[in-house]
Amino acid sequence: MVMTTAAALRARKLSQRFYRRDPAVVAQALLGCALVHGERAAMIVETEAYLGPQDLASHARFGPTNRASVMFGPGGVSYVYLCYGVHEMFNVVTGLDGEASAVLIRAAAPICGLPDEPNVARGPGKLTRALALSREQDRLRLDGDRLFLARYRRIAATRVATGPRVGVDYAGSWAERELRFWIDGHASVSGARARR
DNA sequence: GCGGGGATTAACT
DNA sequence: GTTAATCCCCGCG
């Protein structure tokens, strides 16, 4: 078996069209896809959808602010921000221009260019660290040469689990919506507050 | 300007 | 289970 490289994944890059759909649809479709940054690549195993200004868990709830205005543009672009003054979070903007939706990438399994340990990118903060993603990668097209997503593994619908999003208890009834998606039983899915 | 708090993590008790 | 780390965004005045 030949080791997959970041260069080999380039041929399977996702098009801009992929992202211009409903964030919950994109969140599920991203499971099993590869997130590639330079020579590093990991398979996405956990995502969350954020629906728009009406979603009280989303940064879009404040409108098109300096930080989050990229969410209001067309999909296929990165949104990276600093959380708790400590961790950077990597998001994929989705939908059409004017629809402020996005998908948070919460966990991934190593493919190449990073330590082959199931926990190295388990959790959104650890994922950005493992893939060397930071706010320098904010607002970049996701079909670039160094930063892109690609088809990698096909995940059967029966292997996809859903549940409430993590860390958004302040969002009232929006906290209960099942907008978190993960590959059931995968060792790289974040576990701490996985279930409620 | 000021103050509150957060899409987290690791290291404690 | 609890908490520190650490910063900048956002709302308000």
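When the C1' atom of B/dG4 is taken as reference, atom OH of A/Tyr170 falls 14 Å away, rounded to whole Å. For the pair A/Glu176 CD and B/dA7 P, the interatomic distance rounds to 17 Å; values are reported in whole Å. The distance between atom CG of A/Asp55 and atom C1' of B/dA7, rounded to the nearest whole Å, is 10 Å. With rounding to whole Å, A/Tyr81 atom OH is found 18 Å from B/dG5 atom P. Straight-line distance from the CD1 atom of A/Ile105 to the P atom of B/dT8: 14 Å, rounded to whole Å. Atom CD in A/Glu48 sits about 12 Å away from atom C1' in B/dT8, given to the nearest Å. Rounding to whole angstrom units, NZ of residue A/Lys126 and C1' of B/dA7 are separated by 17 Å. Between the CD atom of A/Glu46 and the P atom of B/dT8 there is a distance of 10 Å, given to the nearest Å.
Comparing atom distances between the A/Leu104 side chain and each of C/dC9, B/dT8, B/dA7 picks out B/dA7 as nearest. For A/Leu82, taking side-chain heavy atoms from C-beta onward, the closest of the listed nucleotides B/dA7, C/dC7, B/dT8 is C/dC7. The nucleotide whose nearest atom lies closest to any side-chain atom of A/Val168 is, among B/dA7, C/dC8, C/dC9, B/dA7. The side chain of A/Cys83 lies closest to B/dA7, out of B/dA7, C/dA5, B/dT9.
Side-chain contact check for A/Arg139 and A/Ser69: at least one donor-acceptor pair (N or O, by modelled atom type) lies under 3.5 Å. Of the N and O atoms on the side chains of A/Glu88 and A/Thr128, not one donor lies less than 3.5 Å from an acceptor on the other residue. There is no side-chain donor-acceptor pair under 3.5 Å between A/His59 and A/Tyr50.
For the OP1/OP2 pair of B/dT8 and a distance below 4.0 Å, the side-chain nitrogens and oxygens of A/Arg106 include at least one atom meeting the criterion. Between A/Thr65 and C/dC9 there is no side-chain N or O to OP1 or OP2 distance below 4.0 Å. OP1 or OP2 of B/dA7 sits under 4.0 Å from a side-chain N or O of A/His59. Contact check, A/Arg135 against C/dC9: no side-chain N or O comes under 4.0 Å of OP1 or OP2.
The number of heavy atoms from other shown groups lying within 6.0 Å of CZ (A/Arg61) is above 12.
Residues A/His87 and A/Ala68 both approach DNA chain C. Their nearest nucleotides, taken by heavy-atom distance, put A/His87 toward the 5′ side.
The same atom, P, is picked in B/dT13 and in C/dA5; the two are 14 Å apart, to the nearest Å. Separation of the C1' atoms belonging to C/dT3 and B/dG5 is 15 Å when rounded to the nearest angstrom.
Figure legend: A/Arg21 and A/Phe18 shown as a cation-pi pair, the cationic atom lying under 6.0 angstrom from the six-membered ring centre and within 45 degrees of its axis.
Counting any heavy atom pair closer than 4.0 Å across all strands shown, A/Phe62 reaches sugar-phosphate atoms only and no base atom.
In this structure, C/dC8 and B/dG5 make a Watson-Crick or G-U wobble pair, each of the two defining distances being under 3.5 angstrom. Of all nucleotides present, only C/dT2 satisfies the Watson-Crick or G-U wobble test against B/dA11, with each distance under 3.5 Å.
Shortest non-hydrogen contact noted between A/Leu9 and A/Ala150 is O-CB, 3.4 Å.
Stacking here means ring centres nearer than 5.5 Å and ring planes tilted less than 30 degrees, and by that measure A/Tyr50 stacks onto B/dA7.
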